[in-house]
Student: 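Could you have a look at this structure, given as structure tokens, before my questions?
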Amino acid sequence: YISSEFTDAPSYFVKRFNLFLSGKTAGESKSDMQTENEEEEDASVEEYVALTNYTGSGSDQLSFSSGDTLLVHSKPSSEWWWAELKGDIGYVPASYLRQDAAAAAAEEEEEEDEDPWQDEEYFGSYGKLRLHLEMLSDKSRTEAYRQVILSNSASLRNKVVIDLGCGTGIISLFCAQLAQPSEVFAVEASSMAEYTRQLVKQNGCEAVVTVLQGRAEEIELPERVDVLVSEWMGNCLLFEFMVESVLVARDRWLKEGGVMWPSSATLTLVPCQANSYYAEKMAFWEQPYGLDFTPLQPLAQQEFFTKPKFSHLIEPDDCLTTPCDVLCLDMYTLQVKDLEEIKGQFHFCLEKSGVFHGFTAWFTVHFESLETGGATVELNTGPNSEPTHWKQTLFMLDRPVSVFAGDSISGNILLRRNSVWRRHMTVTLHWSINSSTEETDTTQVGTKSFPMWR
Ligand SMILES: N=C(N)NC/C=C/[C@H]1O[C@@H](n2cnc3c(N)ncnc32)[C@H](O)[C@@H]1O
């Protein structure tokens, strides 16, 4: 379809085009052309991608197919540009082109120079109070770390501790306030560190706590440590991959026989209902104000169900069965290379009928006691514990499946770290639903990958 405004090409092109046909290149023709404004001639060639097919009319228009990459030499008007395609040059309708593909490619070029750890953005975000306020306001999280220090206070006497990623220094202050370690190195890479130093002084802990500003992988300590404590867990346990920093610091600074807090981390999964979320994002389009908006549902699926939903609060009743621990990380033996790809199996026997909307994941970490046989402290972020700022992570299937008591759902989960963007991963779920009724045994299989976030 060629709308009317594309037929009367400005005379400028005809002159340019004829010069081109006469074998003069764009450069040579410059001297012969009095263009309205010189800089169009000088504009560097820009790559554009054709949005759709176009059949040029008249010998001085280019024809092109959707997806073609055109080199735009100049843009004398908003409707018509002077472009080149596979050696041909002519004018093209500007509105048929988009630069975002080329710009995205350029952007990609640019991003390649971007830090794969995105540390400027990452540590920039922790230089502000918002996230620290959220973490400090999370009572179950913060009280769990306080409980660890309190219940190990005797054993912490004269010990050397590193608090990795100390933020405002809360854990280090607990150590100095509730126990008598000989030294706590509070390591913080963001600009929060200078305030953390003030908090240490303000609370009279500077004799014990030393704040070091820098990345844990790069700072130098005067000695090895007895205890490495850190609150490193991200959404779905690993997002942000701060755990890598913890492992590097462990290998570099933890004494033989030293203690890791947390000592282990478990990822738990459960098939679940998510009626309200589904209603809000998908069912909504069925009849808003009595109209049928269902053609928007594929968009809704793409926009709302492609990525995991962070901070989802699942009700215990939404769990279709008993949750299953799919991954267990031992913080003493886990290696950085193990983080590239972590796989876990699951097998669920459904105890009640319902709608299988997706899977929900959460984590639990354990802090072993410094005293042999002492009590382990647990921080559980699941639906049967006090909610935390992480809440849970919801992975929505493309479409819900009705399931019945007696059915089983088995499969595996794969956390694959992004090889470029080192704080990101993709979670891939494979599942098969086995329904057994008197007549038939049916199996429905499914798989879906959820980028988090790249
Ligand atoms: N996501 C959760 N739970 N906690 C995030 C907590 C992150 C805190 O630890 C700091 N941090 C993270 N990685 C490092 C590192 N390699 N060296 C020094 N400080 C670091 C951040 O700046 C935040 O203050």
Student: Say whether His430 and Thr447, considering side chains only, have a donor N or O and an acceptor N or O under 3.5 Å apart.
Tutor: yes
Student: Hey, are His389 and Asp138 close enough side-chain-wise for a donor-acceptor pair under 3.5 Å?
Tutor: yes
Student: Strictly below 4.0 Å, N to O, side chains only: are Arg215 and Glu188 in salt-bridge contact?
Tutor: no
Student: Sequence neighbours left out, what passes ring-ring contact (aromatic ring centres under 6.0 Å, His included) with Tyr126? Give chain and number order.
Tutor: Tyr122, His132
Student: Trp390: which residues meet the ring-ring contact (aromatic ring centres under 6.0 Å, His included) condition with it, sequence neighbours left out?
Tutor: Phe363
Student: In a check of ring-ring contact (aromatic ring centres under 6.0 Å, His included) between Phe395 and each of Tyr277, Phe450, Trp362, which one passes?
Tutor: Phe450
Student: Assess the side chains of Asp441 and Ser436: does a donor N or O sit below 3.5 Å from an acceptor N or O?
Tutor: no
Student: Under 3.5 Å, is there a donor on one side chain and an acceptor on the other for Glu183 and Thr210?
Tutor: yes
Student: Taking the inter-plane angle between the rings of Phe348 and Phe359 on a 0 to 90° scale, is it parallel (under 30°), tilted (30 to 60°) or perpendicular (over 60°)?
Tutor: tilted
Student: Taking distance alone, no hydrogens or angles, what donor-acceptor pairs closer than 3.5 Å link side-chain atoms of residues 322-332 to residues at least two apart or in another chain?
Tutor:
residue, atom, partner, partner atom, Å
Thr322, OG1, Glu351, OE2, 3.0
Asp325, OD1, Thr268, OG1, 2.8
Asp330, OD1, Tyr332, N, 2.7
Tyr332, OH, Met260, N, 3.0
Tyr332, OH, Glu368, OE2, 2.2

Student: Could you check whether Ser245 and Glu217, counting side-chain N and O atoms only, form a donor-acceptor pair closer than 3.5 Å?
Tutor: yes
Student: Between Lys337 and Glu244, does any NZ, NE, NH1 or NH2 come within less than 4.0 Å of an OD or OE carboxylate oxygen?
Tutor: no
Student: Check this for me: does any side-chain nitrogen of one of Arg141 and Glu134 sit under 4.0 Å from a carboxylate oxygen of the other?
Tutor: no
Student: Mind running side-chain hydrogen bond (donor to acceptor under 3.5 Å, both in side chains) on Asn434 and Thr443 for me, showing each step along the way?
Tutor: CA-CA 5 Å; Asn434 307 296; Thr443 299; 3.1 Å; yes
Student: Quick one: do Arg422 and Asp115 make a salt bridge, cutoff under 4.0 Å?
Tutor: no
Student: Give every residue pair that meets the ring pair (Phe, Tyr, Trp, His ring centres under 6.0 Å) criterion with at least one member in residues 145-181, sequence neighbours excluded.
Tutor: Tyr145-Phe367
Student: Thinking salt bridges, do Glu240 and Arg423 make one under a 4.0 Å N-O criterion?
Tutor: no
Student: Which value, rounded to the nearest 0.5 Å, describes the distance between Cys272 atom SG and His312 atom NE2?
Tutor: 6.0 Å
Student: Main chain of Pro387, side chain of Lys391: is a donor-acceptor contact present, judged purely on distance under 3.5 Å?
Tutor: no
Student: What residues form a ring-ring contact (aromatic ring centres under 6.0 Å, His included) with Phe310, not counting sequence neighbours?
Tutor: Phe239, Trp453
Student: List the atom pairs, with distances to 0.1 Å, where a side-chain N or O of residues 297-308 and a protein N or O form a donor-acceptor pair under 3.5 Å, not counting sequence neighbours.
Tutor:
residue, atom, partner, partner atom, Å
Gln297, NE2, Met282, O, 2.9
Gln301, NE2, Asp398, OD1, 3.3
Thr306, OG1, Gln302, O, 2.4

